[in-house]
Trainee: 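Have a look at the structure that comes next, please.
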Number of protein chains: 2
Amino acid sequence: MEPIDPLAPLTPPEGGDHEDSIDRIRRAWSSLRPEMDTSVVGTIGRIIRASRHIVMLSDEALEQFDINRGEFDVLSALRRSAVPLTASELARSLVTSNAAITKRMVQLERSGLAVRERDDRDGRVVRLTLTPAGVDLIDVAVPAQLAFEESVAAVIAEPRREQLEETMRILLAELERRTAD
Amino acid sequence: MEPIDPLAPLTPPEGGDHEDSIDRIRRAWSSLRPEMDTSVVGTIGRIIRASRHIVMLSDEALEQFDINRGEFDVLSALRRSAVPLTASELARSLVTSNAAITKRMVQLERSGLAVRERDDRDGRVVRLTLTPAGVDLIDVAVPAQLAFEESVAAVIAEPRREQLEETMRILLAELERRTAD
DNA sequence: ACGATTCATTTTACCCGTAAAATACTTTCA
DNA sequence: TGAAAGTATTTTACGGGTAAAATGAATCGT
């Protein structure tokens, strides 16, 4: 199982932009193993690294609301849903385990931001809803989070940004197809 | 603190491609709060989600080598470095904590894939190197990982892929500048 | 109608990460 | 020179995630 395109050249950093950690990693590999095609880390590797940075920074931004990213994801999913979600539905929609949803809901109930209620029709199911305090919090936290993300994305000017969105939709759709089994 | 561009329309999925989870999330928000500009999740949100999927899938791919992603990152960083790295250098280069490096190195020493040696000149420092077994393992695992990533990136055809790389370099360089403090 | 099966959620036992304290060594400078 | 400050790593205490087992409820098939 070898890389597909055997001799791709290292793309040099473009225009006025600076070298990043991925350029350095690829340069190191290319001096050790010049025949190895590492071009794929130029896209996939950067997506993984960038995501780590964004998540770290946005976790800091969420501290002001005394919630972490897991709780933010639960609160905003419940807020934007027209109907109360079940634990499993929420787990699927957030690409996480049921156990994680239970933990987060325990914490959110302690903080008075959300509640779990047994379904009348099916006693196995719990329906998750926000409390008024939860609604108030997330209605401030979501715009703050969007503003933070916008401050990051601001370095990407049109038409790059539009292209990025289209390309990432193609990629994410493929990944979600794979994970669907 | 409100979103910057107040009334961006929802971009419909393009060409032959399918809707993804981010399209559904944005549609849900737009029906609850039509005035809120969620366009930034079209890029940043997709990067975060795609990264989660890629990492989950590649963790599965690493199971065949009996290592996890943290250990893979350590092994490949040591492999591509011309000189033995110190624990701190490695932590910085992998954007992780020193404590995480210690834990991973304990595990890698147990598996006989890497070793820590006190520096002669400075007794505080440890120099990290691969064992021959570690070199052998990572020399197989890196091409396998590249092949896996290539199988994911394959859905992105040129010239999109080249554009994606350039755009992600701009974004990652900015994020690394921010994190540098 | 009722035992077997299936299903939703929670609990358990663990893994892996971090921040901050502890440890061990080096450098600084009075 | 030697006490104080600085630095590199490890340890500790804990947070948050998962897989798999346990629990409790619904449904299926005879």
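Per chain, numbering begins at 1; letters A, B, ... match sequence-line order.
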Trainee: So what does D122(A) hit on the nucleic acid, given a heavy-atom distance under 4.0 Å: a base, only sugar-phosphate, or nothing?
Mentor: sugar-phosphate
Trainee: In residues 59-93 of chain B, what residues come within less than 4.0 Å of DNA chain D, judged by heavy atoms?
Mentor: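 Residues of residues 59-93 of chain B that come under 4.0 Å of DNA chain D are, in numerical order, T86(B), A87(B), S88(B).
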Trainee: Regarding E149(B) and S58(B), do their side chains bring together a donor and an acceptor under 3.5 Å, going by distance alone?
Mentor: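 The criterion, which ignores hydrogens and geometry beyond distance, is not satisfied for S58(B) and E149(B).
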Trainee: Here's a test of your reading of the structure: between R121(A) and V95(A), which maps to the more 5' nucleotide of DNA chain D?
Mentor: V95(A)
Trainee: Apply side chain to side chain donor-acceptor pair (under 3.5 Å) to R118(A) and list each qualifying residue two or more places apart in sequence or on a separate chain.
Mentor: none
Trainee: Using distance alone, with no hydrogens and no angle criterion, decide if R178(A) and S151(B) have a side-chain donor and acceptor under 3.5 Å apart.
Mentor: yes
Trainee: Report the residues that fulfil side chain to side chain donor-acceptor pair (under 3.5 Å) with D122(B), sequence neighbours left out, ordered by chain and then residue number.
Mentor: R124(B)
Trainee: Rounded to whole Å, how long is the line connecting atom CZ of R124(A) with atom C1' of dT27(D)?
Mentor: 8 Å
Trainee: Using five pairs at each end of the helix from dA1(C)-dT30(D) to dA30(C)-dT1(D) to define an axis, what is the angle between those two axes, to 10°?
Mentor: 0°
Trainee: Only pairs under 3.5 Å count here: list side-chain donor-acceptor contacts from residues 91-104 of chain A, not counting sequence neighbours, and write none if there are none.
Mentor:
| residue | atom | partner | partner atom | Å |
| --- | --- | --- | --- | --- |
| S97(A) | OG | A100(A) | N | 3.1 |
| T102(A) | OG1 | N98(A) | O | 3.3 |
| R104(A) | NH1 | G70(A) | O | 3.3 |

Trainee: Mind checking which nucleotides bracket the chain B contacts on DNA chain C, 5' to 3', with an atom under 4.0 Å from a heavy atom?
Mentor: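 So the outermost contacting nucleotides come out as dC16(C) to dT26(C).
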Trainee: Taking ILVMFWY side chains as joined if any heavy atoms are under 4.5 angstrom apart, and letting links pass through other members, which residues group with V106(A)?
Mentor: none
Trainee: Pairs under 3.5 angstrom only: tabulate donor-acceptor contacts from the side chains of residues 110-117 of chain B to other protein residues two or more places apart or in another chain.
Mentor:
| residue | atom | partner | partner atom | Å |
| --- | --- | --- | --- | --- |
| R110(B) | NH1 | Q107(B) | OE1 | 3.4 |
| S111(B) | OG | Q107(B) | O | 2.8 |
| S111(B) | OG | Q107(B) | NE2 | 3.3 |
| R116(B) | NE | E109(B) | OE1 | 3.4 |
| R116(B) | NH2 | E109(B) | OE1 | 3.0 |

Trainee: Using the side chain to side chain contact (heavy atoms under 4.5 Å, CB included) criterion, which residues pair with T86(A)? Sequence neighbours excluded.
Mentor: S88(A), E89(A), V125(A), R127(A)
Trainee: Are R160(A) and E166(A) within salt-bridge range, i.e. N to O under 4.0 Å?
Mentor: no
Trainee: Do the side chains of R169(B) and E19(A) get close enough for a salt bridge, i.e. N-O under 4.0 angstrom?
Mentor: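 Result for this pair is no, no salt bridge flagged.
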Trainee: Rounded to whole Å, how long is the line connecting atom CG of L128(B) with atom C1' of dT10(D)?
Mentor: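 That distance rounds to 13 Å.
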Trainee: Is R46(A) salt-bridged to D23(A), cutoff N-O under 4.0 Å?
Mentor: yes
Trainee: Within residues 100-120 of chain A, which residues have any heavy atom lying less than 4.0 Å from an atom of DNA chain D?
Mentor: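 Output list: A100(A), K103(A), R104(A).
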Trainee: Residues two or more places apart in sequence or in another chain: which of them pass side chain to side chain donor-acceptor pair (under 3.5 Å) with R79(A)?
Mentor: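 By the side chain to side chain donor-acceptor pair (under 3.5 Å) rule, R79(A) matches D139(A).
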Trainee: For V155(A), check side chain to side chain contact (heavy atoms under 4.5 Å, CB included) against everything at least two apart and list the hits.
Mentor: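 Per chain and number, V155(A) pairs via side chain to side chain contact (heavy atoms under 4.5 Å, CB included) with I170(B), L171(B), E174(B).
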